[in-house]
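Comments concern the structure below.
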Amino acid sequence: MRGQKTTSTSARTSNACYTLLLNNNAPPPPATAAAAATTTTTTTTTTTTQNLIQTNTLIHLYAKDGRLSSARRLFDGMPERNVVSWSALMAGYLHSGLSTEALSLFSSMIKAAAHAPSPRPNEYVLTTAISSCSHIRALEQGKQCHTYALKTGLDSHSHVSNALVHMYSRCSDVDGAFRIFESLPPPRANGDFFASNSIISGLMECGYLDEALGVAREAAKGVGSWDPVTFATIIGLCACLKNLKLGLQVHCQMLKRRCMDLNVYVGSTMVDFYGKCGRVASARTSFERLLLLRVQNVVSWTTMMTAYLQNGFFEEALNLFAEMQSPSNGPRPNEFTLAVVLNSCASLSSLRHGDALNAHVEKSGFGAHLVVGNALINMYSKSGSINDAHRVFAGMLHRDVVSWNSMISGYSHHGLGNEALEVFKNMLRVGEVPNYVTFVGVLSACIHLGLVNDGFYILNHLMKEMGTTPGLEHYTCIVGLLSRAGLLEEAENFMRSAPIGWDVVAWRTLLSACQVHRNFGLGKRVADLILELDPNDVGTYVLLSNMYAKARRWDGVVRVRRLMRGRDIKKEPGVSWIQVRGSTHVFVSEDKKHPQLTLIYEKLAELLMKIKLVGYVPDIASVLHDVEDEQKEEYLQYHSEKLAVAFGIINIPSVAPIHIIKNIRMCEDCHSAVRLISHVSNRKIIIRDANRFHCFEGGVCSCGDYW
DNA sequence: GTAGGGTTAG
């Protein structure tokens with residue numbers, strides 16, 4: 001290559017020469033650009049053109065292979081570039097996720113073109129630039145591309161306008177998207193569903209589901225000429241909407257047209273659709289069909305695990321992961337797979353599985369991925385190891401709103417309100433925009449700290465300032481805030497005046513406060529109200545009978561029990577889990593089956609004796625059985641979490657915390673007993689109950705004895 | 001030799 005300067009016009013001319021030469025039995029072109037440089041050629045112009053095309057091909061090949069630095073070196077070394085050189089490199093950047101690089105190349109191209117003879121962007125280049133904007137949701141730059149398209153007339157190319165539709169919808173500019181979309185010919189006219197698919201997927205990602213459904217209904221008129229991508233897009237929409245009926249209709253259409261599900265994209269979307277609609281068995285059937293047809297990949301496996309996770313089948317998710325890893329079976333897991341598996345562990349509160357997986361994560365090199373980091377925070381936090389969760393959070397190179405939310409709500413669940421608010425302040429400091437979930441965590445932190453005024457300020461001002469409309473969860477937090485502060489009348493007034501449709505959970509928050517603060521009259525009214533909404537709400541019966549018991553209203557206790565029996569409502573039996581050296585031990589109340597039974601009961605008796613010396617009084621009033629006081633005390637002793645604590649103290653080294661999970665809310669008697677046990681035995685005991693975490697240390701619980 | 005729409009996480 002000798003550095004002759006050729007305009008794009010002359011490049012086209014020489015291209016024609018090359019074609020002529022070929023037709024005249026010219027020697028075949030050299031295999032590589034390097035070879036081209038040493039080849040003896042007939043004319044200089046032809047050599048340049050050959051080199052140009054060959055170098056472009058190489059750039060394309062390198063870029064397709066993800067070797068962007070090699071592609072870039074070639075590009076930078078070119079004495080002359082045409083529009084394809086720019087286009088190939090930009091597309092390479094885009095497909096490797098380096099959209100910013102693609103865009104900066106685009107602006108260099110425009111700058112260079114200002115001084116001819118450098119080529120100007122054509123429809124290929126512009127399409128790639130617009131797609132790059134879509135990818136990183138760069139609306140402003142996308143609009144600049146739109147202006148450029150209008151100025152140059154490139155907007156008449158369908159690829160350009162489709163890319164613009166996608167860009168606007170992905171950037172939440174619904175009006176902008178529809179303005180272009182509606183100016184295009186309807187898909188029925190030409191069977192081209194690119195624009196429909198673009199706008200549907202863009203709208204879907206931004207949560208404009210009704211608008212997306214409208215476009216889908218219009219597209220359905222041309223269902224006869226749908227291609228697999230259109231099917232995948234629409235099924236994806238049905239999954240998003242959790243609209244089983246519509247999805248089944250689309251699935252029928254697919255079957256009618258046969259073999260549509262051979263495609264791994266369509267197949268995985270089917271699995272996802274059935275999973276999101278709660279049909280795990282159908283999801284599994286779709287997945288099995290993919291395996292049978294050998295069109296599986298890491299996404300189809302991960303999607304199936306997700307279907308299990310989202311429907312509460314956590315063990316099944318873990319089993320499928322094991323199956324995937326067995327030799328010759330499935331594809332290699334990726335960062336999404338690990339995130340799903342970690343979240344299954346989180347739901348099982350399985351610190352053992354989770355810790356083992358963390359080792360796997362570190363070895364696999366996926367540890368730096370955002371989704372994996374977020375899943376690790378979630379797993380550690382739900383397994384009770386909030387410090388490990390924070391260690392992961394602090395070590396993350398990149399964080400998104402989910403990372404911050406996980407850390408904030410993690411601290412809140414652990415009752416660490418100050419820590420949660422500190423993280424929130426840092427979040428604002430670095431310019432991350434809080435969302436709906438963030439404020440649920442922040443308001444929960446306010447509950448633990450008793451910050452009533454701050455809570456109202458956040459609800460009424462801060463949220464609006466930050467662009468989030470308060471919803472039921474936020475209003476429920478305010479009820480919790482007033483309740484915890486003992487302002488029960490204010491809480492009731494707030495509930496009666498707030499512009500929101502309350503659910504059973506919200507009313508139960510108030511009822512629970514009535515129980516704690518011994519406000520019997522209000523409690524009775526609230527309980528009646530809840531039972532009108534849902535006559536089978538077990539939690540309400542339990543709270544109500546506890547309330548009667550505390551007020552020594554035994555007639556009421558009997559009445560509640562009779563009511564429960566009449567409606568065939570059973571209190572869920574208390575179960576506690578504890579993990580020791582890799583195996584899980586399960587305890588139910590009055591457990592008589594554990595091999596270490598004698599040891600456990602001896603230890604428990606010793607502990608109870610010690611804590612009685614520091615003020616523990618068994619809360620026999622809370623026992624609802626019709627028996628003598630002595631036996632009531634015995635019932636209390638054998639609650640599952642007390643057995644688990646005794647077992648933990650025997651079997652877990654004294655420096656390690658004891659982690660216990662309980663299926664229902666801890667009773668008050670166990671709470672005060674375990675609090676004192678943490679003191680007399682000098683142990684850290686962490687219990688996760690149905691509501692929250694209780695971290696007992698030195699005779700104090702992180703919940704401040706209110707839960 | 002280059003360009004547009006589809007799957008998995010929180």
Side-chain angles (χ1 to χ4, degrees), chain A residues 15 29 49-50 52-61 63-64 82-92 94-95 121-132 134 154 157-167 169-170 187 192-202 204 219 227-237 239 263-273 275 290 297-307 309-310 333-343 346 369-379 400-406 409 437:
Chain A
N15 210 347
T49 310
Q50 278 178 355
L52 184 57
I53 293 176
Q54 283 151 9
T55 313
N56 286 346
T57 309
L58 264 181
I59 289 176
H60 173 63
L61 289 175
K64 218 171 76 173
N82 67 5
V83 67
V84 179
S85 327
W86 292 87
S87 174
L89 185 59
M90 276 176 64
L94 171 62
H95 294 139
N122 64 357
E123 66 274 24
Y124 285 73
V125 173
L126 185 59
T127 304
T128 307
I130 297 167
S131 295
S132 307
S134 302
L154 291 171
H157 290 271
S158 66
H159 284 69
V160 173
S161 43
N162 290 336
L164 282 170
V165 166
H166 193 216
M167 185 278 294
S169 53
R170 235 183 95 93
D192 180 354
F193 288 92
F194 266 92
S196 306
N197 297 337
S198 296
I199 198 164
I200 291 171
S201 64
M204 220 158 71
D227 65 359
V229 179
T230 312
F231 274 108
T233 306
I234 307 285
I235 290 278
L237 176 62
N263 181 318
V264 69
Y265 281 98
V266 180
S268 306
T269 309
M270 283 317 308
V271 175
D272 186 46
F273 161 70
L290 285 177
N297 64 10
V298 61
V299 180
S300 44
W301 283 78
T302 308
T303 308
M304 189 62 229
M305 288 177 216
T306 307
L309 170 67
Q310 288 170 343
N334 67 10
E335 68 272 28
F336 291 107
T337 322
L338 293 175
V340 175
V341 176
L342 282 167
N343 285 319
H369 279 85
L370 191 63
V371 292
V372 175
N374 291 348
L376 279 170
I377 297 176
N378 189 31
M379 188 275 294
D400 67 357
V401 65
V402 178
S403 329
W404 293 94
N405 289 353
S406 305
S409 48
V437 180

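By convention in this document, chain letters (A, B, ...) are assigned in the order of the sequence lines, proteins followed by strands, and residues within each chain are numbered from 1. These numbers come from the heavy atoms of this one structure, side chains and all, not from hydrogens, waters or symmetry mates. None of the values given here were measured: they were computed from a predicted structure.
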Please determine whether a side-chain nitrogen or oxygen atom of A:Ser201 lies at a distance below 4.0 Å from atom OP1 or OP2 of B:dG6.
yes
How many whole angstroms separate atom CG of A:Asn122 from atom P of B:dA3?
11 Å
Base of B:dG6 paired with side chain of A:Ser268 (donor-acceptor, under 3.5 Å):
no
Which heavy atom of A:Ile235 sits nearest a heavy atom of A:Phe273, and at what distance?
CG2-CB, 3.6 Å
Listed partners of A:His159 passing ring-ring contact (aromatic ring centres under 6.0 Å, His included), at least two apart:
none
Between B:dT7, B:dT2, B:dA9, which nucleotide has the shortest distance from any of its atoms to the side chain of A:Val84?
B:dT2
Rounded off to whole Å, could you give me the CD1-to-P distance for the A:Ile235 and B:dT7 pair?
13 Å
Give the intermediate values and the outcome of side chain to side chain contact (heavy atoms under 4.5 Å, CB included) for residues A:Met379 and A:Leu376.
CA-CA 5 Å; A:Met379 188 275 294; A:Leu376 279 170; 4.1 Å; yes
Does a side-chain N or O from A:Gln310 land closer than 4.0 Å to OP1 or OP2 of B:dA9, or not?
yes
Between B:dG6 and A:His166, is there an OP1 or OP2 to side-chain N/O distance shorter than 4.0 Å?
yes
Just how far, in rounded Å, is P of B:dT2 from NZ of A:Lys64?
8 Å
Side chain of A:Ala88 (C-beta onward), nearest among B:dT2, B:dA3, B:dT7:
B:dT2
Minimum-distance nucleotide (side-chain atoms of A:Thr303 versus B:dT2, B:dT8, B:dG6)
B:dT8
Whole angstroms only, please: what is the CD-P distance between A:Glu335 and B:dA9?
12 Å
Please determine, for the side chain of A:Ala339, which listed nucleotide (B:dG5, B:dA3, B:dA9) has the closest atom?
B:dA9
Any idea which of B:dG5, B:dG6, B:dA3 is nearest the A:Tyr124 side chain?
B:dA3
At 4.0 Å (heavy atoms only), tell me whether A:Asn405 reaches a base, stays on the sugar-phosphate, or touches nothing.
nothing
Please confirm whether the shortest side-chain N or O distance from A:Thr306 to OP1 or OP2 of B:dA9 is below 4.0 Å.
yes
Between A:Met204 (CE) and B:dT8 (P), how many Å, whole number?
8 Å
So which nucleotide from B:dT8, B:dT7, B:dT2 ends up closest to the side chain of A:Asn334?
B:dT8
Check every strand shown and say whether A:Ser406 touches a base, only sugar-phosphate, or nothing at a heavy-atom separation below 4.0 Å.
nothing
Does any part of the side chain of A:Val229, heavy atoms only, come nearer than 4.5 Å to the side chain of A:Tyr265, both counted from C-beta?
no
For atom CG of A:Asp272 and atom C1' of B:dA9, their distance in whole Å
11 Å
Atom CZ of A:Phe336 and atom P of B:dT8 are separated, to the nearest Å, by 9 Å
Name all residues meeting the side chain to side chain donor-acceptor pair (under 3.5 Å) criterion together with A:Asp272; count only those two or more places apart in sequence or in a different chain, and write none if there are none.
A:Lys276
A:Asn297 side chain: which of B:dG5, B:dA3, B:dT7 is closest?
B:dT7
With a 4.5 Å limit on heavy-atom distance, are the side chains of A:Leu370 and A:Ser403 in contact?
yes
Among B:dG6, B:dT2, B:dG5, the nucleotide that comes nearest once only the side chain of A:Phe194 is considered:
B:dG5
May I ask you to say what A:Ser300 touches in the nucleic acid, namely base, sugar-phosphate or nothing, with a heavy-atom cut-off under 4.0 Å?
nothing
Nearest-neighbour nucleotide for the A:Val299 side chain, B:dT8, B:dG5, B:dA9 considered
B:dT8
Of B:dT2, B:dG5, B:dA9, the nucleotide closest to the side chain of A:His60 is B:dT2
Interatomic distance, A:Leu309 CG vs B:dA9 P [rounded to whole Å]:
8 Å
